[in-house]
Amino acid sequence: YGGARDDLYPADHADAYLEAAIAAGAARKTESLLAEHELFVEECNRMRFIERSEKRTEVREDLMPLPLRDTPDLSGQNVYSVTTLPGLARMLSDADTQRLAALSVRIPLDGNVVDAVAFREALELLDQNDLTFELDDDGGLGRFVLWFTTEDALLVARDRSVRQSDPLPLAECLRSVNGLGHRMAGEWFVLLTIPGAAIQRAGHYRPVFCDGGAGPDTWFMGRSSHPARYHGGPWGQTCHLEALQEGAVVYDGAVERVAIQPRHAHFQAERIRFEILEPVFAKFGDSSALSRLSDGIWARKDA
């Protein structure tokens, strides 16, 4: 209801969506209160609210001014974000989906690549101009907000991927550097290169705890893993999964910010470049690593 209260979407739609989620959850009611709550959240997450898109920036600036301070100007540079095949499929405009299909590249919405060899062979035939897309007029980049990082994170991941003693696929290194511990083995990664000017037009801010969420999907740190390094600067801090799991004292990963749902209008004539990498096998980010991260977050009072 908070979004309806702030006029991000009509209140009557909030009522209808919540009633539908409650009904769907009740139909699968269990004895476990936690399981019932998770079913309710799952149903809510399936639904798409009709958003008053012009209100989002205004509400963010009025109600959450602190994260928007010290905002770096991203115009004239690129920023980077990692998504999956389903994420890419949702972002593509209908025209780009059809164009790629004509080139024998079909992006599966469920992420299930039936013939990986044929899929890779089709990708290899694409030239650089083919590896771009735009959003539909009513489309958004990401879900709710877009997490993104700088080119430094990509360079660190590329350097790690070619380490002679222990080379790893680039997707696996990006998962580690960007703290994507919630990404499971078998998911295909996609690297997005996004014009910074579009993010600047949309609005962006340093992530706060409510952006990171809660539970096992949260590998975002409000502070550096080394307290002396934290100065409350303009960028958020990810957790470096490999360093964390190996017991390193400092396990800072990439810096990141959150964009306020970039839309088609924010990009004007600019296009988004994508690079489909490979499935990850989730080498880093086991339960012991998550436990250590949780202990560190509470010790530093990140929350």
Side-chain angles (χ1 to χ4, degrees), residues 72 74 77-88 91 111 141-163 167-194 196 199 204-209 211-213 215-226 229 233-246 248 250-259 262 272-286 289-290 292-294 296-297 302:
L74 301 175
Q77 61 179 292
N78 290 323
V79 297
Y80 300 84
S81 184
V82 177
T83 187
T84 59
L85 284 181
L88 177 63
M91 295 174 190
L141 187 64
R143 293 187 61 190
F144 311 117
V145 294
L146 174 77
W147 294 73
F148 65 90
T149 186
T150 64
E151 187 177 16
D152 287 345
L154 175 59
L155 296 176
V156 169
R158 290 196 188 280
D159 287 345
R160 172 62 186 90
S161 70
V162 296
R163 181 190 295 173
L168 287 173
L170 178 58
E172 194 71 17
C173 296
L174 284 170
R175 179 180 181 273
S176 177
V177 169
N178 286 284
L180 302 174
H182 60 290
R183 292 302 181 191
M184 299 291 100
E187 292 188 282
W188 287 72
F189 269 22
V190 181
L191 176 65
L192 302 178
T193 302
I194 305 167
I199 302 298
H204 57 99
Y205 60 94
R206 186 185 192 280
V208 294
F209 72 95
D211 294 304
D217 285 1
T218 304
W219 295 81
F220 163 74
M221 300 186 295
R223 302 171 183 262
S224 166
S225 56
H226 192 299
R229 292 186 176 187
W235 291 87
Q237 180 65 65
T238 65
C239 169
H240 194 297
L241 302 182
E242 183 177 7
L244 176 74
Q245 189 160 308
E246 293 183 349
V250 177
Y251 42 87
D252 291 353
V255 297
E256 58 190 354
R257 290 185 73 79
V258 180
I272 305 156
R273 184 167 298 280
F274 69 93
E275 180 182 356
I276 298 178
L277 302 176
E278 60 273 308
V280 294
F281 48 89
K283 181 176 182 179
F284 307 111
D286 60 16
L290 181 58
R292 184 180 178 221
L293 175 62
S294 299
I297 284 175
D302 284 13

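For this chain, numbers begin at 1 and follow the sequence in order.
Contact annotation: the side chain of Leu293 approaches that of Met221 to within less than 4.5 Å [non-hydrogen atoms, C-beta and beyond]. Within the 4.5 Å cutoff, side-chain heavy atoms of Leu170 are placed close to those of Glu278. Counting heavy atoms from C-beta outward, Ile276 and Phe274 have side chains that approach closer than 4.5 Å. Inter-residue side-chain proximity for Ser161 and Glu172 is flagged as unmet; no heavy-atom pair is nearer than 4.5 Å. For the pair Thr150/Tyr80, no side-chain contact is recorded, criterion being any heavy-atom separation below 4.5 Å from C-beta on. A heavy-atom distance below 4.5 Å is found between the side chains of Phe284 and Leu168. Leu241 is not listed as a side-chain neighbour of Tyr251, based on a closest heavy-atom distance of 4.5 Å or more.
Glu187 and His182 get closest at one heavy-atom pair: OE1-O, 4.4 Å. Summarising the geometry of Ser81 relative to Trp147, their closest heavy-atom pair is OG-O, 2.8 Å, with the distance given to 0.1 Å. Counting all heavy atoms, side chain and backbone alike, Glu256 lies closest to Pro207 at O-CD, 3.5 Å. When all heavy atoms are compared, the tightest approach of Ala153 to Asn178 is CB-OD1, 4.4 Å. A pairwise comparison of heavy atoms in Ala282 and Ala185 identifies CB-N, 3.8 Å as the closest pair. Minimum interatomic distance between Val177 and Val156 (heavy atoms only, all atoms of both residues): CG2-CG1, 3.9 Å.
For Glu275, the salt bridge (Lys or Arg N to Asp or Glu O under 4.0 Å) test picks out Arg158, with sequence neighbours left out. Considering only residues two or more places apart in sequence or on other chains, Asp152 meets the side-chain hydrogen bond (donor to acceptor under 3.5 Å, both in side chains) condition with none of them. Annotation: side-chain hydrogen bond (donor to acceptor under 3.5 Å, both in side chains) contacts of Ser225 (sequence neighbours excluded): Asp252.
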Using the side-chain contact (heavy atoms from CB on, under 4.5 Å) rule, take Leu174 and Val280 through it: C-alpha gap first, then chi angles, then the decisive distance, then the call. CA-CA 10 Å; Leu174 284 170; Val280 294; over 6 Å; no
Checking side-chain contact (heavy atoms from CB on, under 4.5 Å) for the pair Ile272/Met91: CA distance, chi angles, key distance, verdict? CA-CA 10 Å; Ile272 305 156; Met91 295 174 190; over 6 Å; no
Show your reasoning for whether side-chain contact (heavy atoms from CB on, under 4.5 Å) applies to Leu141 and Phe148. CA-CA 11 Å; Leu141 187 64; Phe148 65 90; over 6 Å; no
What do the steps show when you test Leu191 against Phe189 for side-chain contact (heavy atoms from CB on, under 4.5 Å), and what is the final call? CA-CA 7 Å; Leu191 176 65; Phe189 269 22; over 6 Å; no
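Thr238 places no side-chain N or O within 3.5 Å of a backbone atom of Val255 that could act as its donor or acceptor partner. Using modelled atom types, one side-chain atom of Gln237 and one backbone atom of Gly253 make a donor-acceptor pair closer than 3.5 Å. Side-chain atoms of Arg175 come within 3.5 Å of backbone N or O of Gly181 as a donor-acceptor pair.
The distance from atom CZ of Arg183 to atom OG of Ser176, rounded to the nearest 0.5 Å, is 15.5 Å. The distance from atom OG1 of Thr149 to atom CD1 of Ile194, rounded to the nearest 0.5 Å, is 11.0 Å. Between the CG atom in Leu192 and the CG atom in Leu146 there is a gap of 7.5 Å [rounded to 0.5 Å].
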